[in-house]
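Beneath this line is the structure, given in structure tokens, with notes to follow.
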Amino acid sequence: MNTKGILIAILTLGSITFANAQQPTGYFFEEFTQGKVLLKNKQFAKGKFNYDCINKEMHFLNGATDMIIENLEDVDTVVIDIHRFIPFEGHFMEVMTGQNATLFIDWKINPKGIGKKGAMGTVTQGSVQAIDVNTRFQRVNGEQDLDLSVYKMVTENVYYTQVKGKLKSFRNINTLLKLYSKDKQQLIKEFIETENIEMENPKDVLKVLERFQ
């Protein structure tokens with residue numbers, strides 16, 4: 001089977017046609033990026049991919065058509081540039097490997113309203129609320145139709161690491177500390193403070209796992 005045939009076999013029948021490959025809002029990469037998809041039957045195909053962190057969808061650019069990868073049970077890995085994604089519970093998560101630790105990142109970006117646009121382009125401040133991506137979030141020409149003066153992108157990743165052979169999840173410092181014994185928790189707190197660790201940055205999170213694995 002040729003490259004196009006392999007990809008079409010795992011893509012949804014639905015598609016979105018758009019004018020260019022820029023995906024500035026809610027996507028992992030600023031634009032579709034060269035990569036390849038490896039299937040469990042050892043076949044693979046190259047193409048340009050991007051991961052939608054809002055809707056948790058892996059997209060593939062076929063000419064001027066944006067297609068979404070389905071049938072994840074057939075997919076082993078999607079490699080985009082230096083980033084590796086694997087299927088996980090109906091979507092994908094990134095795998096980041098260090099010398100003695102592995103971090104799994106379930107990327108999630110939530111657009112949250114910060115106000116309403118008024119006269120002369122001003123924004124009226126209001127309560128921060130997550131929008132319903134199913135009913136109020138639309139794509140226009142393949143791009144996210146989202147006014148960034150009214151919405152802000154909030155990262156709400158869930159991280160996973162292996163503890164005694166089992167995947168354990170955490171979202172923040174408090175839930176990370178629960179994975180460790182009490183004698184290590186204070187050391188981890190001090191390390192996080194000294195190294196200016198930011199939990200929104202997966203590379204920082206991997207530093208903690210590497211240090212205390």
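Keep in mind that this is a model prediction, so the values were computed, not measured.
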Within-4.5 Å side-chain heavy-atom neighbours: Val205 and Met199: yes
Side chains of Phe92 and Val75, heavy atoms from C-beta outward: is any pair under 4.5 Å? yes
What's the spacing between Lys56 NZ and Asp106 CG if we round to 0.5 Å? 3.5 Å
CG-OH distance between Leu179 and Tyr159, expressed to the nearest 0.5 angstrom: 13.5 Å
Stepwise side chain to side chain donor-acceptor pair (under 3.5 Å) check, Asn100 with Gln213: CA-CA 7 Å; Asn100 62 353; Gln213 190 77 350; over 6 Å; no
Any donor-acceptor pair under 3.5 Å from Lys184 side chain to Phe212 backbone: yes
State whether the side chain of Glu210 and the backbone N or O of Ala101 hold a donor-acceptor pair below 3.5 Å, judged by distance alone. yes
Can you tell me how far OH of Tyr180 sits from CD1 of Ile188, rounded to the nearest 0.5 angstrom? 5.0 Å
Between Phe88 and Phe104, is the ring centre distance below 6.0 Å? no
Are the side chain of Lys108 and the backbone N or O of Ile54 linked by a donor-acceptor pair below 3.5 Å? yes
Going through the checks in order, is the side chain to side chain contact (heavy atoms under 4.5 Å, CB included) test met by Thr102 and Gln162? CA-CA 7 Å; Thr102 302; Gln162 290 187 334; 5.8 Å; no
Quick check for you: to the nearest 0.5 Å, what is the distance between Thr77 atom OG1 and Lys40 atom NZ? 9.5 Å
Do any N or O atoms from the side chain of Gln43 and from the backbone of Leu38 form a donor-acceptor pair under 3.5 angstrom? no
Short side-chain to backbone donor-acceptor contact, Asp76 and Leu39, under 3.5 Å: no
So, for Val158 and Ser169, which heavy atoms are closest and what is the spacing to 0.1 Å? CG1-CB, 4.0 Å
Is there a path from Val79 to Leu72 through hydrophobic residues (I, L, V, M, F, W, Y) whose side chains come within less than 4.5 Å of each other? no
Could you grab the distance from atom CZ of Phe85 to atom CE of Met58, nearest 0.5 Å is fine? 5.0 Å
For residues Thr33 and His83, determine if any side-chain heavy atom of one lies less than 4.5 Å from a side-chain heavy atom of the other. no
Is there a donor-acceptor contact under 3.5 Å from the side chain of Thr194 to the main chain of Phe191? no
Side-chain heavy-atom pair Lys178, Phe170 within 4.5 angstrom cut-off: no
Could you tell me whether the side chain of Asp52 reaches within less than 4.5 Å of the side chain of Asn50, counting heavy atoms only? no
Indicate yes or no: at least one non-hydrogen side-chain atom of Ile105 is less than 4.5 angstrom from one of Met93. no
Kindly give the heavy-atom pair with the smallest separation between Phe44 and Lys36, and that separation in Å. CD1-CD, 4.2 Å
Would you indicate whether the side-chain heavy atoms of Glu200 and Asn157 approach each other to under 4.5 Å? no
Parallel, tilted or perpendicular for Trp107 and Phe28, by the 30°/60° rule? perpendicular
Are Leu206 and Val95 connected in a single hydrophobic cluster, I mean Ile/Leu/Val/Met/Phe/Trp/Tyr linked by side-chain heavy atoms less than 4.5 Å apart? no
Measuring from Leu187:CG to Leu177:CG, what's the distance to the nearest 0.5 Å? 11.0 Å
When you look at CD of Glu190, are more than 12 heavy atoms from neighbouring residues, nucleotides or ligands closer to it than 6.0 Å? yes
What verdict does the side chain to side chain contact (heavy atoms under 4.5 Å, CB included) test give for Tyr51 and Val78, after you've listed the backbone C-alpha separation in whole Å, the side-chain angles of each residue and the deciding distance to 0.1 Å? CA-CA 10 Å; Tyr51 189 63; Val78 177; over 6 Å; no
Heavy-atom side-chain proximity of Ile192 to Asp204 below 4.5 angstrom: no
